[in-house]
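One is the number of the first residue; the rest follow in order along the sequence. These figures come from a predicted structure and were not determined experimentally. When a ligand or atom number is given, it counts from 1 through the structure's own listing order.
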Amino acid sequence: MSILITGGAGFIGSHAAVELLKDGYEIVVLDNLSNSKIESVNRVKELTGTEFPFFDIDLLDIQSLDEIFLKEKITAVMHFAGLKAVGESVELPLLYYNNNVTGTLNLIEVMKKYDVKNLVFSSSATVYGNPNQVPISESFPLSATNPYGKTKLMIEEILQDLYVSDDSWRISILRYFNPVGAHESGRIGENPLGTPNNLMPYITQVAIGNREELQVFGDDYNTEDGTGVRDYIHVVDLVKGHIKALSYLEENEGIETFNLGTGTGYSVLDLVNNFKEVSKKDIPYKVVDKRPGDIGICYADTEKAEKLLGWQAEKTLLQMCQDSWKWQVENPEGY
Ligand code: NAD
Ligand code: UD1
């Protein structure tokens, strides 16, 4: 009776593995290690003192996927596996469509075959495109401007159609805002390969001295200090939301979509200042042009998750910065 975690060697999947084990679930982890290292899986085992099966397979390899379902007693799936770099998705759209969409089609095909119909899917707030107002609720119009975002939208639609065709599926679509932070032990965290695309890992690399300065993408947005505002959420809070979603599926039929955020927006400079406070390091920065495709303000309406899942994020921005910093200091080169 195990939960299959696809992409379980990655940033969010590895934290989900720890929290699931802590809550007494059995797990099976699958990852093709295209954007992660096996060391993260070893660290999850070490942190939890628990052994579990790990399969180095690709979701595009449907035969190997089938063998996992044949071998293991899987009752539900948390599906994190996917490629996530927006810029890369513009350069390599076919890679993204194939990996994310075909990978998911293979997964649900095999789940259907083995009558495993409880699924928690990692979507993203990117599916709200450029929202007209904040906070953003689940019923806002959806759009995407890049192949990565389109794969998330397509998968959401595929899952809706799947449910229409067979209402014995129980599906949670979780739209993440901006996951940051790391496990408080400092043993697992975000391990970007190459130059980080996202703000928090960039800041931690400036603080540790791996990069000279932060480039702040624009300071004339309609926000308090002019820099972009986002809803940063601690990765451990985020994965606790997944476990609530999993319990919800066990008790409720249907397909539901939830925002996972804190409901509070912070600017780029808020993040820089909080980070300076916890790290006691200077974060030199320079304001440059806006990043194409960026929006000014984005934060979640979290009421639905609060009401239906009984879940709320708890950790503060300061704690997010503290845990990101601890991870960076104790693992200066990543895994
Ligand atoms: P990550 O890259 O750290 O983890 C994803 C994992 O999936 C990686 O370990 C990668 O090797 C694996 N993977 C990719 N394609 C695969 C395939 N075809 N077969 C098997 N394994 C495969 O990313 P993350 O930050 O942990 O994100 C997890 C999920 O959450 C992704 O689907 C991502 O799009 C989504 N998401 C992430 C964020 C974020 O800011 N981190 C925000 C919104 C949504
Ligand atoms: C990015 C992704 C989005 C994804 C989201 C959550 C892009 C274009 N978008 O969005 O698809 O759903 O992460 O993971 O990659 N910033 C800087 N300097 C930097 C990096 C970022 O000033 O070096 C600013 C950005 O302009 C933004 C904020 O910091 O205002 C957060 O940026 P980032 O971490 O990339 O997240 P999103 O822009 O929300």
Side-chain angles (χ1 to χ4, degrees), residues 5-16 29-38 40-41 55-61 64-65 78-90 95-96 98-100 102-104 106-107 121-128 144-146 148-149 151-152 155 174-180 189-193 195-203 205-206 211 213-219 221 223 227-233 235 238-239 242 260-261 265-269 271-272 285-299:
I5 308 176
T6 76
F11 171 42
I12 304 170
S14 57
H15 289 81
V29 171
L30 166 174
D31 203 300
N32 67 356
L33 303 176
S34 60
N35 196 39
S36 50
K37 300 264 171 67
I38 187 66
S40 70
V41 177
F55 295 92
D56 177 357
I57 72 139
D58 195 312
L59 286 180
L60 297 177
D61 174 3
S64 301
L65 189 58
M78 282 193 190
H79 177 32
F80 297 97
L83 296 172
K84 61 166 186 178
V86 173
E88 185 184 58
S89 80
V90 175
L95 174 71
Y96 273 67
N98 195 31
N99 191 75
N100 293 4
T102 312
T104 303
N106 285 349
L107 175 68
F121 171 62
S122 303
S123 188
S124 165
T126 194
V127 299
Y128 295 116
T145 52
N146 56 70
Y148 165 69
T151 66
K152 293 294 177 193
I155 295 167
L174 303 181
R175 294 183 181 146
Y176 311 162
F177 280 68
N178 290 63
V180 296
E190 189 170 7
N191 188 39
L193 307 174
T195 309
N197 296 306
N198 299 112
L199 181 60
M200 182 68 99
Y202 207 101
I203 290 179
Q205 293 198 6
V206 172
R211 303 193 183 269
E213 65 179 3
L214 172 70
Q215 299 196 326
V216 175
F217 298 145
D219 67 351
Y221 285 108
T223 62
T227 66
V229 164
R230 295 291 185 275
D231 186 340
Y232 298 96
I233 174 168
V235 62
L238 184 86
V239 300
H242 288 64
L260 295 185
Y266 288 104
S267 72
V268 175
L269 297 183
L271 211 70
V272 168
Y285 68 84
K286 176 173 77 190
V287 177
V288 299
D289 287 347
K290 287 178 180 165
R291 182 168 61 182
D294 261 5
I295 57 174
I297 306 188
C298 172
Y299 58 88

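For atom 25 (C) of ligand 2, the closest non-hydrogen atom on the protein side is Asp294 OD2, 3.4 Å. Counting only heavy atoms of the protein, atom 40 (O) of ligand 1 lies nearest to Pro179 CD, 3.3 Å. Ranking protein heavy atoms by distance to atom 8 (C) of ligand 1, first place goes to Asp31 OD2, 3.5 Å. With hydrogens left out, the protein atom closest to atom 17 (C) of ligand 1 is Asn32 ND2, 3.4 Å, a heavy atom. Among all non-hydrogen protein atoms, the one lying nearest atom 36 (O) of ligand 2 is Asn178 ND2, 3.1 Å. Counting only heavy atoms of the protein, atom 34 (O) of ligand 1 lies nearest to Tyr148 OH, 2.8 Å. What sits closest to atom 31 (C) of ligand 1 on the protein, heavy atoms only, is Phe80 O, 3.1 Å. With respect to atom 5 (C) of ligand 1, the closest heavy atom belonging to the protein is Gly82 O, 3.8 Å. For atom 38 (O) of ligand 2, the nearest protein heavy atom (residue, atom name, distance) is Arg291 NH2, 2.8 Å. Among all non-hydrogen protein atoms, the one lying nearest atom 39 (O) of ligand 2 is Arg230 NE, 2.7 Å. The nearest heavy-atom contact from the protein to atom 3 (O) of ligand 1 is Phe11 N, 2.9 Å. Scanning the protein for heavy atoms near atom 24 (C) of ligand 2, the closest one is Val268 CG2, 3.7 Å. Of all protein heavy atoms, the one closest to atom 15 (N) of ligand 1 is Asn99 ND2, 3.0 Å.
Atoms of ligand 2 lying under 4.0 Å from any heavy atom of Gln215, numbered from 1 in the order shown and given with element: 17 (C), 18 (N), 19 (C), 22 (O), 23 (O). Set against the non-hydrogen atoms of Lys84, the atoms of ligand 1 under 4.0 Å away are 2 (O), 23 (O), 24 (P), 25 (O), 34 (O), 41 (N). Heavy-atom contacts of Ser122 reach the following atoms of ligand 1: 29 (C), 30 (O), 32 (O), 35 (C) (cutoff under 4.0 Å). Close approach to Asn197 involves these atoms of ligand 2, each under 4.0 Å from a residue heavy atom: 20 (C), 35 (O). Set against the non-hydrogen atoms of Ser124, the atoms of ligand 2 under 4.0 Å away are 12 (O). Ligand 2 places these atoms under 4.0 Å from at least one heavy atom of Gly228: 30 (O). Heavy-atom proximity to Thr126, at under 4.0 Å, picks out these atoms of ligand 2: 11 (O), 12 (O). Heavy-atom proximity to Val216, at under 4.0 Å, picks out these atoms of ligand 2: 22 (O).
Residue Asn198 touches ligand 2 through backbone and side chain together, judged by heavy-atom distances below 4.0 Å. Proximity of Phe177 to ligand 2, defined as any heavy-atom pair under 4.0 Å, is confined to the backbone N, CA, C and O atoms. Only side-chain heavy atoms of Lys152 come within less than 4.0 Å of ligand 1; its backbone N, CA, C and O stay farther off. Neither the backbone nor the side chain of Leu271 has a heavy atom within less than 4.0 Å of ligand 2. Residue Val86 touches ligand 2 through its side chain alone, judged by heavy-atom distances below 4.0 Å. Only backbone heavy atoms of Leu33 (N, CA, C or O) come within less than 4.0 Å of ligand 1; its side chain stays farther off.
Residue contacts with ligand 1: Ser123 is included, with a non-hydrogen atom under 4.0 Å away. Put simply, no part of Asn100 is less than 4.0 Å from ligand 1, judged by heavy atoms. Contact between Tyr232 and ligand 2 is present, with at least one heavy atom of the residue lying under 4.0 Å from the ligand.
Atom CZ of Phe55 has more than 12 heavy atoms from other residues, nucleotides or ligands within 6.0 Å.
Of the N and O atoms on the side chains of Tyr96 and Glu88, at least one donor lies less than 3.5 Å from an acceptor on the other residue.
Remark: ligand 1 and Ala9 share no N or O pair separated by less than 3.5 Å (distance only, no angle test). Considering backbone and side-chain atoms alike, Ser124 places every N or O at 3.5 Å or more from each N or O of ligand 1.
When Phe217, Tyr285, Tyr221 are checked for heavy-atom proximity to atom 17 (C) of ligand 2, Phe217 turns out nearest. With distances taken over non-hydrogen atoms, the option nearest atom 21 (C) of ligand 2 out of Thr227, Leu199, Val206, Ile12 is Leu199.
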